[in-house]
Amino acid sequence: MTGTTDITELLLSRIRDVADYPEPGVVFKDITPLLADPAAFTALTDALAEVAERTGATKVVGLEARGFILGAPVALRAGLGFIPVRKAGKLPGATLSQAYDLEYGSAEIEVHAEDLTAGDRVLVVDDVLATGGTAEASLGLIRRAGAQVAGLAVLMELGFLGGRARLEPALAGAPLTALLTV
């Protein structure tokens, strides 16, 4: 890839719109064709690894579940450790947890308490930024573990859902990078 336009076109061309999924009126952005294309997946991994390097991250956090798929190769490419942030009850051992509100109800995420330290600068990686609830909770979790937030990087931001505005206070000046905005 030689430029931003090239990578944007490549990534967009590999994301499939699925109408009326998971419910009528919703257009789901399916990234599985992108993951199946080695050139597109490599370009995505390289672009996110550049964000990790630019932010001075020492670790990458991936948010369950598609953040695992994107974050692990980014961490590997950037020469950093990878930390999974999971739904409550999925990690063995001592964890830190953070509850957060959803549109209908609430949820909770966890991280192993010893995986993040005061010296860490953490880049959070996920596939989509929607309303920002899970990402906001992950930022709180990282700080409670004593680490610094280096930034948040996503493949795609659903701009019409307002997640960026919700996250700005929680990011406290750390960058939010979206490779695509729809």
Open item on the list: Is there a side-chain contact between Leu63 and Val125 in this structure, where contact means two heavy atoms from C-beta onward sitting under 4.5 Å apart?
Closed with: no
- [ ] Sort out for me which residue in Val60, Leu123, Val74 forms a side chain to side chain contact (heavy atoms under 4.5 Å, CB included) with Val51.
- [x] Leu123
TODO: Return yes if some donor-acceptor pair links the side-chain N/O of Asp120 with the main-chain N/O of Val122 below 3.5 Å, else return no.
DONE: no
Task: Intermediate values then yes/no, side-chain contact (heavy atoms from CB on, under 4.5 Å), Ile15 and Val182 - done: CA-CA 12 Å; Ile15 297 171; Val182 296; over 6 Å; no
- [ ] Calculate, to the nearest 0.5 Å, the distance between atoms CG and CG belonging to Leu139 and Leu167 respectively.
- [x] 6.5 Å
Open item on the list: Rounded at 0.5 Å granularity, tell me how far CE in Met156 sits from CG in Leu34.
Closed with: 8.5 Å
TODO: Please say which of Thr58, Ile83, Leu96, Leu141 ends up in a side chain to side chain contact (heavy atoms under 4.5 Å, CB included) with Leu116.
DONE: Ile83
Open item on the list: Is there a path of hydrophobic side-chain contacts, each under 4.5 Å between heavy atoms of I/L/V/M/F/W/Y residues, joining Leu11 to Val27?
Closed with: no
Task: Inter-residue atom distance Thr177.OG1 - Glu157.CD, 0.5 Å rounding - done: 10.5 Å
Open item on the list: If you count heavy atoms of other groups shown closer than 6.0 angstrom to OH of Tyr21, is the number above 12?
Closed with: no
Open item on the list: Would the distance check show the side chain of Arg143 and the main-chain N or O of Ala170 forming a donor-acceptor pair, the cut-off being under 3.5 Å?
Closed with: yes
Open item on the list: Quick check: is Ile7 connected to Leu12 through a chain of hydrophobic side chains (ILVMFWY, heavy atoms under 4.5 Å apart)?
Closed with: yes
- [ ] Mind running salt bridge (Lys or Arg N to Asp or Glu O under 4.0 Å) on Arg66 and Asp126 for me, showing each step along the way?
- [x] CA-CA 6 Å; Arg66 289 180 298 261; Asp126 205 3; over 6 Å; no
TODO: Could you state whether Phe28 and Phe160 fall into the same hydrophobic cluster, counting links through intermediate Ile, Leu, Val, Met, Phe, Trp or Tyr residues with side-chain heavy atoms under 4.5 angstrom apart?
DONE: no
Open item on the list: When you measure from the side chain of Arg121 to the backbone of Thr55, do you find a donor-acceptor pair of N or O atoms at a distance under 3.5 Å?
Closed with: yes
Open item on the list: For a side-chain contact (heavy atoms from CB on, under 4.5 Å) check, start with the C-alpha distance between Val26 and Val18, then their side-chain angles and the critical distance, and finish with the verdict.
Closed with: CA-CA 8 Å; Val26 173; Val18 180; over 6 Å; no
Open item on the list: Less than 4.5 Å apart, side chain to side chain, heavy atoms only: is that true for Leu158 and Leu129?
Closed with: no
Open item on the list: For Ala135 versus Leu152, what's the shortest heavy-atom pair and its separation?
Closed with: CB-CD2, 4.0 Å
Task: CG-OG distance between Asp37 and Ser13, expressed to the nearest 0.5 angstrom - done: 7.5 Å
TODO: For Lys59 and Asp115, indicate whether the former's side chain and the latter's backbone hold a donor-acceptor pair under 3.5 Å.
DONE: yes
Open item on the list: Checking side-chain polar atoms at under 3.5 Å, does Thr134 have a donor or acceptor matched by the opposite partner on Tyr100?
Closed with: yes
Task: Step-by-step side-chain contact (heavy atoms from CB on, under 4.5 Å) determination, Asp17 to Asp30 - done: CA-CA 6 Å; Asp17 286 345; Asp30 181 14; over 6 Å; no
Open item on the list: Salt bridge check, Lys90 against Glu64: does any charged N sit closer than 4.0 Å to a carboxylate O?
Closed with: no
Open item on the list: Please give me the minimum heavy-atom distance between Ala150 and Pro175, naming the atom from each residue.
Closed with: O-CD, 3.2 Å
Open item on the list: Contact between Val128 and Leu155 at the side-chain level, heavy atoms closer than 4.5 Å - yes or no?
Closed with: no
Task: Candidate pair Val124 and Ile142, rule side-chain contact (heavy atoms from CB on, under 4.5 Å), full reasoning - done: CA-CA 9 Å; Val124 177; Ile142 289 163; 3.4 Å; yes
- [ ] Walk me through it: do Glu136 and Arg166 pass the test salt bridge (Lys or Arg N to Asp or Glu O under 4.0 Å)?
- [x] CA-CA 8 Å; Glu136 182 180 36; Arg166 176 180 182 167; 2.8 Å; yes
Task: Separation between CD of Gln98 and CD1 of Ile109, rounded to the nearest 0.5 Å - done: 6.5 Å
Task: Under 3.5 Å donor-acceptor, His112 side chain and Val85 backbone - done: no
- [ ] Heavy atoms only: give me the nearest Ser106-Asp101 pair and the separation to one decimal.
- [x] CB-OD1, 4.0 Å
TODO: Compute whether any side-chain donor of one residue and acceptor of the other, for Glu110 and Ser97, lie under 3.5 angstrom apart.
DONE: no
Task: Shortest non-hydrogen contact from Pro33 toward Arg16 - done: CG-CB, 4.0 Å
Task: Heavy-atom donor-acceptor pair, Thr42 side chain to Ala39 backbone, under 3.5 Å - done: no
- [ ] Would you mind reporting whether Leu44 and Leu179 have side-chain heavy atoms less than 4.5 Å apart?
- [x] yes
Task: Single-linkage hydrophobic cluster Leu91~Phe68, side-chain heavy atoms < 4.5 angstrom - done: no
Open item on the list: Using 0.5 Å steps for rounding, measure from the CD1 atom of Ile69 to the CD1 atom of Ile31.
Closed with: 6.0 Å
TODO: Evaluate the side-chain proximity of Lys87 to Glu108: yes if any heavy-atom separation is below 4.5 Å, no if none is.
DONE: no
Task: Nearest atoms (heavy-atom pairs only) where Ala75 meets Gly81 - done: CB-O, 3.8 Å
